[in-house]
Amino acid sequence: MATPYNHKEIEKKWRDNWAANPVNVNDGKKPKYYCLDMFPYPSGSGLHVGHWRGYVISDVWSRYKILNGYYVIHPMGWDAFGLPAENYAIKMGVHPSKSTAENVANIKKQINDIAAVYDWDLEVNTTDPEFYKWTQWIFVKMFKAGLAYEKEMPINWCPSCKTGLANEEVVDGKCERCGSDVTKKNLRQWMLKITKYADRLLNDLDKLDWPEKVKKMQTDWIGKSYGAEIDFEVEGNDKTVKVYTTRPDTLYGATFMVLAPEHEMAKELATDDKKAEVEDYIYKASMKSSVDRLQDKEKTGVFTGSYAINPINGAKVPIWLSDYVLADYGTGAIMCVPAHDDRDFEFAKKFNIPIIQVISKDGKENPDLTQAYTEPGIMINSGEFSGMDSNKAKAEVPDILQSRGIGKKTVNYKLRDWVFSRQRYWGEPIPIVHCDKCGAVPVPEEELPLTLPEVEAYQPTGTGESPLKDITEWVNTTCPCCGAPAKRETNTMPQWAGSSWYFLRYVDNKNDKELVSKQKAHDLLPVDMYIGGVEHAVLHLLYSRFYTKFLYDIGVVDFDEPFTKLFNQGMITGKNGIKMSKSKGNVVSPDDLVNGYGCDSLRLYELFVGPPELDSEWDEKGIDGVYRFLNRIWNVVMDCKDKDIEATKEMINLRHKLIFTISTRLENFSLNTVISGFMEFTNKFVAMVKEKGGIDKETLKTIAILLAPFAPHMGEELWQQLGGEGSVFAQSWPQYDENLMKDDEVEIAVQINGKTKATLSIGADEAKDSVIAKAKEVIADKLTGNVVKEIYVPGRIVNIVMK
RNA sequence: GCGGAGUUGCUGGAAUUGGCAGACAGGCAUGACUAAGGAUCAUGUGUCUUAGCGACGUGAGGGUUCAAGUCCCUUACUCCGCACCA
């Protein structure tokens with residue numbers, strides 16, 4: 001009886017061996033491949049089987065690249081600043097520096113159980129001053145480039161986290177982290193001018209090998225639209241109101257105008273008799289939270305009493321205020337064409353405002369529109385434009401208007417500048433000094449890092465002030481510019497600050513002179529494959545692109561997109577597709593499974609549960625299947641390794657088919673079918689051992705190499721047992737030969753009218769006539785009608801069409 | 001409301017992109033073996049059936065085709081993203 005598969009022994013053996021003899025080293029000759037996992041936050045609850053999946057996928061890919069002769073950069077580190085870490089610390093009553101360090105140690109241990117080829121020499125941690133020195137350095141560079149600026153404005157405020165939030169962090173009017181309703185708060189903020197990069201962020205999406213879904217989400221988030229700004233004179237005085245519209249072609253149909261309640265002219269446009277009503281409306285709108293504003297489906301509004309003049313036809317249009325118009329998009333004012341816009345239509349109906357149709361399906365006016373007509377058609381009631389095709393009008397009218405001095409073509413974006421300051425303790429201090437005389441002055445680059453002071457009381461104040469405010473010995477300083485007494489900025493950076501550029505630092509993490517050396521940046525960057533969940537589609541992934549473009553502009557790196565290829569793995573959920581969480585009590589820890597079945601089994605099962613890009617429900621029972629599979633392979637190899645079987649044609653054929661199957665499926669990232677394919681072939685090998693008494697060594701060695709990226713310990717052990725030299729990962733990925741994969745005989749289906757009636761074995765290269773003749777023989781008794789057509793799909797099917 | 005993805009046995013899923021639907025697993029059933037400790041092996045497992053080498057079958061309904069899970073139209077449901085962006 002051969003030795004049974006003992007995962008504990010084997011895994012321990014190879015873990016120790018790899019520690020002493022790393023399998024992935026940069027010899028300076030191999031081409032590089034950078035395979036990166038999204039930056040984990042060292043959470044207090046540790047890893048669950050869902051986290052595992054992403055790391056297994058990236059490790060399989062990394063090991064596959066190693067076997068293809070690459071030096072693979074496969075680093076890991078910790079996104080340890082920010083709200084979640086601080087909230088956890090507050091909850092546990094420990095200082096965040098302490099809890100963060102503990103969590104990192106714990107998760108690192110768990111990650112080591114995956115047996116991934118992480119290069120821990122490259123490890124980074126955002127809370128390390130040697131790291132955040134460069135996070136601050138980038139901010140200073142941005143400040144000097146005019147991209148970081150201060151502004152007092154109403155921002156998203158989370159009353160539970162007690163801090164301001166970026167637009168990207170507000171989901172359905174709620175805080176992305178804690179789910180509390182987000183309110184508005186007027187605060188002085190540090191902003192990053194990401195809008196300056198809007199066009200590049202949009203256009204360069206074309207360069208990226210990313211899931212279309214993510215590109216679409218970024219495109220929509222940037223939200224570029226083409227339109228025109230048109231000035232409407234206010235009747236009876238010399239004021240004008242500028243509106244933004246994407247449909248200047250419908251100008252003849254504009255029957256009213258709406259301003260956001262926050263619009264700077266809102267109050268002054270109110271006529272005396274309307275003043276009280278208008279001010280009341282403005283006040284009420286200001287009290288609404290963003291959630292209320294989203295949920296109020298019914299339109300509200302107030303007439304200002306003023307009228308504007310439609311510049312195309314001199315018509316008098318009433319000016320209204322309504323909160324369905326956003327103050328910070330376009331000009332904060334719109335012209336309303338109720339006949340062709342659903343929102344304007346609803347508003348006009350509610351307040352009895354006239355509706356003028358200017359596009360019609362058949363060129364005729366519909367006297368009783370029950371809803372806005374938003375389809376293309378023929379222009380009507382539009383003076384000189386009447387009779388034009390509306391699509392043509394949409395394309396040409398803006399130019400016509402512009403040439404006549406009515407309006408100016410313009411573009412708009414939904415993307416807003418990035419609210420970059422947080423009123424919290426656990427983040428990078430913003431390296432700015434406020435001087436009465438010199439204003440905001442950056443901390444000199446040579447004085448960085450500006451370290452976060454150690455304090456006892458780090459709880460958020462809730463007032464909009466940072467807890468750092470009270471540390472007077474830290475706050476009080478002198479102006480780097482004039483030397484006068486000055487105060488430090490007390491806001492900190494958001495969690496995203498470190499994660500927006502960390503991937504650059506991995507390749508040169510000990511450099512104390514530069515963020516990354518030019519040489520290393522050129523040789524080792526950018527990231528070739530980035531693997532992580534889809535939840536960062538408009539947060540981290542947009543911010544990182546912005547940072548990279550900025551660093552490209554100032555000459556730090558020589559590429560302007562950080563992640564060439566992106567793969568989003570699906571989530572592993574609990575029963576009924578419920579997201580794993582501590583509060584739901586459905587978290588499955590990998591620890592027991594690793595212990596019971598071994599790392600290799602869990603790795604395989606993580607892949608086998610389903611297509612890697614889709615969500616999968618975790619069903620623990622299934623792991624028995626892959627465990628049995630590993631046992632079968634083990635038994636086949638142990639059984640045959642000393643037998644010296646000569647390779648038959650059949651064995652060679654099967655070997656090449658196996659290489660083909662595993663390689664093509666792996667290249668397509670169809671990792672679940674790689675495993676099922678491996679199982680299928682293994683079953684054939686088992687049968688072959690039974691029939692032929694064994695399998696040749698070359699085939700067995702091929703199995704060991706092909707299995708190694710997925711089950712690395714098993715791969716190494718089999719390789720060694722088979723007498724292979726060195727590590728299995730020092731071998732090269734086997735190549736298949738299509739000629740050797742060919743079968744002499746193939747089985748095809750014989751159909752009558754598309755229904756399979758029999759199967760037939762034929763020679764692989766047999767001619768059509770011969771195949772059809774044989775097929776007819778097989779189903780002779782069923783050929784009772786007139787044969788009208790005979791179809792042969794080579795190697796697949798014969799279909800006899802009968803009447 | 002708009003946009004995207006999806007719906008296949010008891011369960012997870014497969015199907016070389018229009019060519020034998022249900023691979024591979026899990027589960028279950030029957031049997032073998034058992035000094036068994038998360039065993040292993042064999043066989044079976046879509047539905048109906050008058051038990052045949054028959055008929056039906058990929059959310060529902062229609063269509064194209066010699067041939068449809070796959071293409072087209074209509075429709076239902078599920079999940080995800082955006083959500084008054086003029």
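Chain naming here is simple, since letters A, B, ... match the order of the sequence lines and numbering starts at 1 in each.
Nucleotides B:C53 and B:U58, compared at atom P, are 23 Å apart to the nearest Å. For the C1' atom pair drawn from B:U8 and B:A15, the interatomic distance equals 10 Å after rounding to whole Å. Of the P atoms belonging to B:G26 and B:G81, the separation is 34 Å, rounded to the nearest Å. Remark: the separation of the P atoms in B:G9 and B:G57 is 14 Å, to the nearest Å. Going from the C1' atom of B:A76 to that of B:A60 covers 7 Å, rounded to whole Å. Rounded to whole Å, the C1' atom of B:G4 lies 24 Å from the corresponding atom of B:A86. Comparing the same atom, C1', in B:A25 and in B:G13 gives a spacing of 8 Å after rounding to whole Å. Comparing B:C10 with B:A32, their C1' atoms sit 26 Å apart, to the nearest whole Å.
Distance A:K621 NZ to B:C10 C1': 11 Å, rounded to the nearest Å. With rounding to whole Å, A:H263 atom NE2 is found 16 Å from B:A86 atom P. Per the geometry, CD belonging to A:E747 stands 18 Å off P belonging to B:G19, to the nearest Å. Rounded to whole angstrom, the span from the CD1 atom of A:I748 across to the P atom of B:A67 amounts to 18 Å. To the nearest angstrom, C1' of B:C24 lies 15 Å from CZ of A:F685. If you take CD1 of A:I572 and C1' of B:G13, they are 13 Å apart, rounded to a whole angstrom. Between the OH atom of A:Y413 and the C1' atom of B:C82 there is a distance of 20 Å, rounded to whole Å. One can place CD of A:Q751 at 7 Å from P of B:A21, the figure rounded to the nearest angstrom.
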Are any protein N/O atoms closer than 3.5 Å to N/O atoms in nucleotides 14-18 of chain B? If there are, list each pair with its distance.
unit_1: B:A14; atom_1: OP1; unit_2: A:N672; atom_2: ND2; d: 3.0
unit_1: B:U16; atom_1: O2; unit_2: A:R796; atom_2: NH2; d: 3.0
unit_1: B:U16; atom_1: N3; unit_2: A:R796; atom_2: NH1; d: 2.8
unit_1: B:U16; atom_1: N3; unit_2: A:R796; atom_2: NH2; d: 2.8
unit_1: B:U16; atom_1: O4; unit_2: A:R796; atom_2: NH1; d: 2.8

* Dot-bracket line, read 5' to 3' along RNA chain B, where crossing pairs take [ ] and | marks a partner on another strand, Watson-Crick or G-U under 3.5 Å -> (((((((..(((......[....)))((((((.......))))))(((.....)))..(((((..]....))))))))))))....
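If you check the side chains of A:E168 and A:W221, you find a donor sitting under 3.5 Å from an acceptor. Inspection of the A:S670 and A:T673 side chains reveals an N or O donor paired with an N or O acceptor under 3.5 Å.
Taking the ring centroids of A:F567 and A:W210, they lie at or beyond the 6.0 Å cut-off. Aromatic pair A:F347/A:Y324: centroids less than 6.0 angstrom apart.
Here the side chain of A:N683 is nearest to one of B:A86, B:C84, B:C24, namely B:C24. Each of B:G54, B:A23, B:G27 was ranked by its minimum atom distance to the side chain of A:K757; first place goes to B:G54. The side chain of A:A749 has B:C20 as its nearest neighbour among B:G26, B:C20, B:G12. Distances from the side chain of A:V801 to the nucleotides B:C66, B:C20, B:A86 place B:C66 closest. Ranking B:C24, B:G3, B:C82 by closeness to the A:F608 side chain, first place goes to B:C24. Of the candidate nucleotides B:C66, B:G3, B:C80, B:C66 has the atom nearest to the side chain of A:K789. Residue A:D624 places its side chain closer to B:G27 than to any other of B:C84, B:C56, B:G27. Of the candidate nucleotides B:C82, B:A55, B:G19, B:G19 has the atom nearest to the side chain of A:I797. Distance from the side chain of A:M679 is smallest for B:C24 among the nucleotides B:A86, B:C24, B:G3. Set against B:C20, B:C56, B:A86, the side chain of A:K755 has B:C56 as its closest nucleotide.
Judged by a 6.0 Å distance limit and a 45° cone about the ring axis, A:K684 is positioned over the six-membered ring of A:F681.
Close to B:A42, at under 4.0 Å from its OP1 or OP2, lies a side-chain N or O of A:K690. Checking the phosphate oxygens (OP1, OP2) of B:A25, no side-chain nitrogen or oxygen of A:R628 falls inside 4.0 Å. Between A:Y329 and the phosphate of B:A86, there is a side-chain N or O to OP1/OP2 separation shorter than 4.0 Å.
Salt-bridge check for A:K774 with A:E766: passed, with a basic side-chain N closer than 4.0 Å to an acidic carboxylate O. Here A:K299 does not pair with A:D323 in a salt bridge; the nearest charged N to carboxylate O distance is not below 4.0 Å.
If you check every strand for non-hydrogen atoms under 4.0 Å, A:D220 touches nothing. Residue A:K213 is classed as a sugar-phosphate contact, given heavy-atom separations below 4.0 Å to backbone atoms only.
With RNA chain B read from its 5' end, the first of the two nearest nucleotides for A:T331 and A:L614 is the one closest to A:L614. Between A:D615 and A:G330, the one whose closest nucleotide on RNA chain B sits nearer the 5' end is A:D615.
A syn base is found at B:U17: its glycosidic angle is within 90° of 0.
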* With salt bridge (Lys or Arg N to Asp or Glu O under 4.0 Å) as the test, would you mind laying out the steps for A:K768 and A:E790 before giving the verdict? => CA-CA 10 Å; A:K768 179 179 172 180; A:E790 291 161 345; over 6 Å; no
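Test A:W52, A:W618, A:Y627 against A:Y605 for ring-ring contact (aromatic ring centres under 6.0 Å, His included) and you get one pass: A:W618. With A:Y792 as reference, A:V798 is the one residue of A:I797, A:D769, A:V798 to meet the side chain to side chain contact (heavy atoms under 4.5 Å, CB included) rule.
To the nearest 0.5 Å, atom CZ of residue A:R416 and atom CD1 of residue A:I155 are 14.5 Å apart. To the nearest 0.5 Å, the span separating CZ on A:R665 from CD1 on A:I675 amounts to 10.5 Å.
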